[in-house]
Amino acid sequence: YNMASLTMFLGRSVRNLVRPGLSLRPGVIQCRVAAYQQGRRHQSTATSEEELQVSYLEGDSQGIVVFGLNRPEAKNSFSRNLAALLREALQAVKFDRNARVLIVRSLAPGIFCAGADLKERAKMSPSEVGPFVAGLRAMLREIANLPMPVIAALDGAALGGGLEMALGCDMRVAAVSAKMGLTETKLAIIPALGGTHNLPRLIGPAKAKELIFTGRAIDGQEAFDIGLVNHVVPQNSNGDAAYQRSLLLAQEIVPQGPIALKVVKTAINKGSQVDLDTGMAIEEACYAQVIPTKDRIEGLMAFKEKRPPRYKGE
């Protein structure tokens, strides 16, 4: 890389991230995802039959979007329908300037996501399995590449592809009782949605190999001890302790400059995969993108006037 090419590439990337785009408003997107609309905190207009509920929060949580997985009868496993809903929701939130933080959670007690829908998979022909898995892999990469921070709230088991989805998020919060594991070798297959790359990069190759080779599931405390999750909390009587802690974390993030958050996510994601000198060049190119923003001037003025800044993502 050289500075000219890095600046040009990252300039295009950041302009795409901050350009005015789609807002989640009633009637704008006709899809099966429930509640593309402003909703009161912790509320959604979705019915229990819908497999994905998307909610905008208000009040202290304004700017937070929540994806709620809701297939309790199938442990939130990835069916064709749920995968389609997630893709639609990701495309909608990707360019929504009101979305500052995304939380992915489960609305089904005791489970985050069990990975692939094995009953549906068993009905697929071999020629169908490959394209379906490739589509899931691309969808989970879309989560990782969203411009805003993404938090996985693990109040229940995250197994196989469910853990791979959580690994694609920027941060993970787990209840101590939650079980996590890449258990694919028990089915004579391997993790195929990024797990063989994301897990070793997070906890180191040796520990990742141990967990994948054995197919072992670990609890939230052990996951925290090895660096798999950012926070671990005791489960509460409502079964949503990880979600509640995720809300607190998201509320800490929301007040920060939204363009800065998008650009620093790019700097970390891109820079962590290259040598140090290239990484420093990426950081320099990213910093150049925030210099001309109105938010940077607002931050300086707010500091001078000793008041909270009012960032607009401009």
Side-chain angles (χ1 to χ4, degrees), residues 67-79 82-83 86 103-122 133 136-137 139-140 143-144 150-246:
F67 284 8
L69 306 177
N70 191 37
R71 289 193 76 210
E73 75 289 349
K75 298 183 178 180
N76 290 339
S77 56
F78 293 127
S79 63
L82 180 56
L86 280 165
I103 298 175
V104 182
R105 66 171 301 202
S106 169
L107 302 179
I111 188 73
F112 175 70
C113 176
D117 187 331
L118 297 181
K119 291 182 179 179
E120 186 178 86
R121 181 77 60 85
V133 172
L136 287 179
R137 187 183 302 114
M139 180 192 71
L140 297 192
I143 294 176
V150 184
I151 305 169
L154 308 176
D155 277 304
L159 302 172
L163 180 56
E164 290 178 288
M165 177 165 60
L167 289 171
C169 299
D170 299 297
M171 294 157 285
R172 286 150 296 281
V173 178
V176 70
S177 57
K179 298 295 184 181
M180 286 155 269
L182 295 181
T183 56
E184 285 86 350
T185 54
K186 291 180 179 292
L187 297 172
I189 56 175
I190 71 169
L193 306 182
T196 61
H197 293 280
N198 290 329
L199 188 62
R201 292 177 182 183
L202 192 62
I203 66 173
K207 192 64 178 179
K209 287 177 181 178
E210 177 184 339
L211 293 180
I212 294 173
F213 290 170
T214 62
R216 185 191 309 147
I218 60 176
D219 64 20
Q221 185 60 57
E222 186 174 353
F224 176 76
D225 293 341
I226 64 175
L228 178 54
V229 302
N230 297 70
H231 300 278
V232 61
V233 292
Q235 188 55 280
N236 60 27
S237 59
N238 293 325
D240 67 349
Y243 172 61
Q244 295 299 329
R245 182 63 182 88
S246 297

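As the structure is a prediction and not an experimental result, all values here were calculated from the model.
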Inset, instruction - List for me each residue that meets side-chain contact (heavy atoms from CB on, under 4.5 Å) alongside R201, sequence neighbours excluded, and say none if there are none. - result: H197, Q273
Inset, instruction - Working to the nearest 0.5 Å, report the span between CZ of R105 and CZ of F112. - result: 10.5 Å
Legend entry - D117 side chain vs K119 backbone, donor-acceptor pair below 3.5 Å: yes
Inset, instruction - Measure the CD-CG distance between Q244 and N236 for me, rounded to the nearest 0.5 Å. - result: 7.0 Å
Legend entry - N198 (side chain) donor-acceptor with G168 (main chain) under 3.5 angstrom: no
Quiz: residues 174-194 side-chain donor-acceptor pairs under 3.5 angstrom, not counting sequence neighbours:
from: T185; atom 1: OG1; to: I212; atom 2: O; distance (Å): 3.0

Legend entry - Backbone of A241 reached by a side-chain donor or acceptor of D155 within 3.5 Å: yes
Legend entry - Distance, nearest 0.5 Å, that separates CG of L86 from CG of L136: 9.5 Å
Inset, instruction - Report the distance from atom SG of C169 to atom CD1 of I143, rounding to the nearest 0.5 Å. - result: 5.5 Å
Inset, instruction - Could you pull out the closest heavy-atom pair between N76 and C113, with the gap in Å? - result: O-SG, 3.1 Å
Legend entry - Criterion side chain to side chain contact (heavy atoms under 4.5 Å, CB included) on R121 and V133, from CA distance to verdict: CA-CA 10 Å; R121 181 77 60 85; V133 172; 4.0 Å; yes
Inset, instruction - Work out which heavy atom in I151 is nearest to a heavy atom in S246; give both atom names and the distance. - result: CG2-OG, 3.6 Å
Inset, instruction - Please check if the side chain of R216 supplies one atom and the backbone of L211 the other of a donor-acceptor pair under 3.5 Å. - result: no
Inset, instruction - Supply the atom-to-atom distance F67 CZ to I103 CD1, rounded to the nearest 0.5 angstrom. - result: 11.5 Å
Legend entry - D240 (side chain) donor-acceptor with Y243 (main chain) under 3.5 angstrom: no
Inset, instruction - Report the C-alpha distance between E164 and L159 in whole Å, list the side-chain angles of each, state the deciding distance to 0.1 Å, and finish with yes or no for side chain to side chain contact (heavy atoms under 4.5 Å, CB included). - result: CA-CA 8 Å; E164 290 178 288; L159 302 172; over 6 Å; no
Inset, instruction - Given side chain to side chain contact (heavy atoms under 4.5 Å, CB included), test V173 with L154 step by step and report yes or no. - result: CA-CA 6 Å; V173 178; L154 308 176; over 6 Å; no
Inset, instruction - With L228 as reference, evaluate D225, V232, I226 under the side-chain contact (heavy atoms from CB on, under 4.5 Å) test and give the passing residue. - result: I226
Legend entry - N/O donor-acceptor pair under 3.5 Å between D170 side chain and V150 backbone: yes
Inset, instruction - Check the pair M165, L69 against side chain to side chain contact (heavy atoms under 4.5 Å, CB included), reporting the backbone distance first and the verdict last. - result: CA-CA 12 Å; M165 177 165 60; L69 306 177; 3.6 Å; yes
Inset, instruction - Verify the distance criterion only: is there a donor paired with an acceptor across the side chains of R71 and S77 at less than 3.5 Å? - result: yes
Inset, instruction - Rounded to the nearest 0.5 Å, what's the gap from CD1 on I218 to OG1 on T214? Could you check? - result: 9.5 Å
